[in-house]
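Nothing fancy with the numbering, it's 1 onward along the sequence. Both backbone and side-chain heavy atoms feed into the values below; hydrogens, waters and symmetry mates do not.
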Amino acid sequence: MTKAIVPGTFDPITVGHLDVIERAAKIFDEVVVAVAASPDKNGTGPLFNVQERVELISTATKHFDKVSVKSFDNLLVTFAREENANVLVKGLRAITDFENEFQMAALNWKLASSIETLFIMASPDNMFLSSSAVREIARHGGSVSGLVPEGVEVALRSKFGHG
C-alpha cells in the first residue's frame, strides 16, 4: 500500500490544491492532506487557524475516497514517518515554485531518503492561482467564486466582514 502526504499551509485551500489532491488520490492508495500549523509564515500568522483550515479542507475533500486531513507542527518528514507514508506530493505552478520545492525536496531527502517527493504540475486553469492572491481578492471584497470551494468562499467573506 502506498500512502502519500500532500502538505501545505492551505490558507485557504484553493481549487488548485483540490486538483492536486484529487490527482494524487487517483495514483496512491491513501492520501493525507497535511495542514502545516505555520504560525510564523511570512512573519505573520495565517488568516485561518489550523483547526479552521482542517475543517475547511475536510469539508472540501469529503467526496474524495482515500483522502484524510490532519494537522502537523513538526518536520514534514517526521509527520510522514508517523503516518507511515513514503511519498510527499507537491504541486508546482511555475519555475519559481520549482526552485523552492526542489530545495525542500533535497533537504527532505537528506533527512529521510526513504521518502520520495513527487511533483504534480498545476493544470493550466490553475497555474495562476495562489492562496495569497485569493486572500488579497477577498480582503478587498472581490469575488473568489470559482477559485476556492464554496465553504471557503463563505468563510472568507465572514472573515473580512463582507457578508
Side chains of [X] and [Y]: closer than 4.5 Å at any heavy-atom pair?
{"X": "Leu18", "Y": "Thr61", "answer": "yes"}
{"X": "Lys70", "Y": "Phe79", "answer": "yes"}
{"X": "Glu82", "Y": "Asn74", "answer": "yes"}
{"X": "Val67", "Y": "Val31", "answer": "yes"}

Test side-chain hydrogen bond (donor to acceptor under 3.5 Å, both in side chains) applied to Thr59 - qualifying residues, sequence neighbours left out: none
Donor + acceptor pair across side chains of Ser132, Ser130 (<3.5 Å):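 Judged by distance alone, the side chains do pair up.
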Nearest 0.5 Å, please: how far is [atom2] in [Y] from [atom1] in [X]?
{"X": "Asn84", "Y": "Thr2", "atom1": "CG", "atom2": "OG1", "result": "12.5 Å"}
{"X": "His140", "Y": "His162", "atom1": "NE2", "atom2": "NE2", "result": "8.5 Å"}
{"X": "Glu22", "Y": "Ile27", "atom1": "CD", "atom2": "CD1", "result": "11.0 Å"}
{"X": "Asn126", "Y": "Phe128", "atom1": "CG", "atom2": "CZ", "result": "6.5 Å"}
{"X": "Thr117", "Y": "Leu88", "atom1": "OG1", "atom2": "CG", "result": "4.5 Å"}
{"X": "Arg81", "Y": "Ile115", "atom1": "CZ", "atom2": "CD1", "result": "5.5 Å"}

Backbone N/O of Lys3 and side chain of Asp29: donor-acceptor pair under 3.5 Å: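 Side chain of Asp29 to backbone of Lys3: no pair is present.
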Ser158 side chain vs Val154 backbone, donor-acceptor pair below 3.5 Å: no
Worked verdict on Thr14 versus Leu147 for side-chain contact (heavy atoms from CB on, under 4.5 Å): CA-CA 6 Å; Thr14 68; Leu147 304 178; 5.9 Å; no
With Pro12, the side-chain contact (heavy atoms from CB on, under 4.5 Å) member among Val134, Leu47, Val144, Ile57: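 Answer after filtering Val134, Leu47, Val144, Ile57: Val134.
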Check against side chain to side chain donor-acceptor pair (under 3.5 Å), Gln103 and Glu99: CA-CA 6 Å; Gln103 181 181 22; Glu99 291 174 14; over 6 Å; no
Residues, nucleotides or ligands: over 12 heavy atoms within 6.0 Å of Gln51 CD: yes
